[in-house]
Student: 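Quick one: the structure is below, and I'll ask about it shortly.
Predicted, not measured: the structure shown is a model, and the values here were computed from it. Every chain is numbered from 1 and lettered A, B, ... according to where its sequence line falls, protein lines coming before strand lines.
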There are 2 protein chains.
Amino acid sequence: MAGEQSAVDGRKVRGVRRKAQIIDATLTVVHRDGAAGVTHRTVAKEAGITASLTLYYFATLDDLLVAALTSVADAYTERIRTIIDSDEDKLLGLAELLAESAGPGRERALAERELSTLAARRPALRPVARRWRDNVAELARTQTDDQDAIETLVALSDGLCAAILLGDREADPAHLRTLLSNALSTH
Amino acid sequence: MAGEQSAVDGRKVRGVRRKAQIIDATLTVVHRDGAAGVTHRTVAKEAGITASLTLYYFATLDDLLVAALTSVADAYTERIRTIIDSDEDKLLGLAELLAESAGPGRERALAERELSTLAARRPALRPVARRWRDNVAELARTQTDDQDAIETLVALSDGLCAAILLGDREADPAHLRTLLSNALSTH
DNA sequence: CAACAAGTTGTACTACGGTACAAGTAGTAC
DNA sequence: GTACTACTTGTACCGTAGTACAACTTGTTG
């Protein structure tokens with residue numbers, strides 16, 4: 001039983017790892033060449049495998065992009081949930097998350113942002129992008145009941161928006177928290 | 001003399017009008033299919049002419065994109081200059097400009113924004129995009145000497161950022177002005 | 001080892017898009 | 001009208017990319 005299972009699992013694990021590897025390569029390409037640079041071939045080259053193999057795991061480009069976006073959205077969701085479940089200052093938690101996007105994780109955040117921007121054009125990506133936003137909205141709802149304020153907070157938490165607002169300056173979580181708080185109290 | 005000139009001018013005018021027509025079509029395509037949807041053929045089809053003709057006026061895609069971006073940047077620049085030269089409340093003028101981008105001109109603003117986003121990937125577009133920002137910075141400089149504050153204002157005036165911040169809500173220039181003013185006083 | 005499934009590769013077909021180019025049209029000057 | 005130039009078109013070449021597919025390799029089971 002255990003042997004039988006672990007054998008099957010062994011293959012599955014390999015497949016999962018390949019998928020993860022391909023998704024990683026995809027994000028690297030997005031980061032380097034933009035979302036428009038993502039093709040079966042560029043991703044394969046980046047991953048050091050053949051284009052056919054990316055097709056074996058992701059039949060179409062949409063599949064690949066959805067997987068990549070889902071991957072980053074899931075990671076983001078997990079962090080959001082940690083913030084929601086904690087007893088700390090939730091607004092400060094969000095501010096820290098944003099600060100990271102504008103600081104050390106800036107490049108990665110821009111790549112993520114490119115993907116979610118692409119969602120506006122690729123219908124297949126929309127559900128994932130929506131889910132992403134919903135998660136932030138849920139966090140916002142722990143702070144206020146004002147729908148407008150929630151939307152503002154979601155908008156402010158937008159990675160690119162934050163990156164633009166912050167520019168290359170030091171991202172001070174405390175300062176960011178003030179900004180978010182102001183946004184909430186405006187309504 | 002006058003006849004000779006007007007003859008030459010007549011041809012030139014036709015050429016200029018064609019160029020304008022092609023640029024218009026380009027913006028329409030950007031708005032409808034995104035910047036990635038811009039090709040010689042799609043633009044030509046949109047304009048109702050042959051692809052060869054777009055090539056006659058814009059030898060490469062970059063030429064076409066630069067022209068399109070320049071076109072919208074020039075229009076924007078002119079409006080900025082009007083604000084700077086006026087004796088009215090300059091901050092309110094900028095707020096009105098932004099309100100328009102989030103309201104009736106939202107679609108167009110998004111198209112413009114897509115183009116300037118593309119500038120991050122296409123080196124040829126960068127000078128134009130930079131000039132665009134510089135114009136807003138110049139306007140900001142009439143309000144404060146704080147370099148950080150100027151950058152914040154420039155960031156806030158970013159079309160997409162404003163669109164996101166405002167969402168689908170009514171864009172009240174007075175409210176926007178408060179936001180801008182707050183941004184300035186934060187520093 | 002034989003059978004089988006997962007994983008992997010190379011090759012090819014097709015469509016699209018950038019670009020070149022030769023040929024044709026039309027307006028203008030002499 | 002003739003020459004000239006701007007304008008316009010159709011056609012074609014080439015590279016890239018999405019996708020299909022058949023063959024091959026490798027690991028697993030019995």
Student: Among all residues two or more places apart in sequence or in another chain, which pass the side-chain contact (heavy atoms from CB on, under 4.5 Å) test with Glu138(A)?
Tutor: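 Arg81(A), Ile84(A), Asn135(A), Arg141(A).
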Student: For a quick check of understanding: with a heavy-atom distance under 4.0 Å over all strands, which category does Phe58(A) fall into, base, sugar-phosphate or nothing?
Tutor: nothing
Student: Check side chain to side chain donor-acceptor pair (under 3.5 Å) between Arg79(A) and all other residues, then give those that pass, not counting sequence neighbours.
Tutor: Glu100(A)
Student: Please identify each residue that fulfils side chain to side chain donor-acceptor pair (under 3.5 Å) with Thr39(A), with sequence neighbours left out.
Tutor: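 Partners of Thr39(A) by the side chain to side chain donor-acceptor pair (under 3.5 Å) criterion, ordered by chain and then number, come out as Thr42(A).
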Student: Checking Asp134(B) now: which residues fulfil salt bridge (charged side-chain N to carboxylate O under 4.0 Å, His left out) with it, not counting sequence neighbours?
Tutor: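 Salt bridge (charged side-chain N to carboxylate O under 4.0 Å, His left out) list for Asp134(B), sorted by chain: empty.
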Student: Take the C1' atoms of the five end pairs on each side of the helix from dC1(C)-dG30(D) to dC30(C)-dG1(D), derive the two axes, and give their angle rounded to 10 degrees.
Tutor: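 That helix has its two terminal axes inclined by roughly 0°.
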Student: If the condition is side-chain contact (heavy atoms from CB on, under 4.5 Å), which residues does Ser52(B) pass it with, not counting sequence neighbours?
Tutor: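 Listed in chain order: Thr50(B).
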Student: Could you name each residue pair satisfying salt bridge (Lys or Arg N to Asp or Glu O under 4.0 Å) that touches residues 24-45 of chain B, not counting sequence neighbours?
Tutor: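 Qualifying pairs, neighbours excluded: Arg32(B)-Glu46(B).
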Student: Using a 4.0 Å cut-off on protein heavy atoms (strictly under), produce a 5'-to-3' string for nucleotides 14-20 of chain C with B for base contact, S for backbone-only sugar-phosphate contact, and - for none.
Tutor: ---BBB-
Student: If the cut-off is 4.0 Å, is Tyr56(B) near the phosphate of dC7(D), judged by side-chain N/O to OP1 or OP2?
Tutor: yes
Student: Using side-chain contact (heavy atoms from CB on, under 4.5 Å) as the criterion, list what pairs up with Ile83(A), not counting sequence neighbours.
Tutor: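 Ile83(A) satisfies side-chain contact (heavy atoms from CB on, under 4.5 Å) with Lys90(A), Leu97(A), Leu139(A) only.
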Student: To the nearest 0.5 Å, what is the distance between CG (Leu115(B)) and CH2 (Trp132(B))?
Tutor: 8.0 Å
Student: Who pairs with Ser71(A) by side chain to side chain donor-acceptor pair (under 3.5 Å), at least two apart in sequence or on another chain?
Tutor: none
Student: Not counting sequence neighbours, list each pair that qualifies as a salt bridge (Lys or Arg N to Asp or Glu O under 4.0 Å) and has a residue in residues 119-129 of chain B.
Tutor: Glu114(A)-Arg121(B), Asp62(B)-Arg122(B)
Student: Return the residues of residues 18-36 of chain A meeting this criterion: a heavy atom under 4.0 Å from some atom of DNA chain D. Order them by number, or give none.
Tutor: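 Going residue by residue through residues 18-36 of chain A, none turns out to have a heavy atom under 4.0 Å of DNA chain D.
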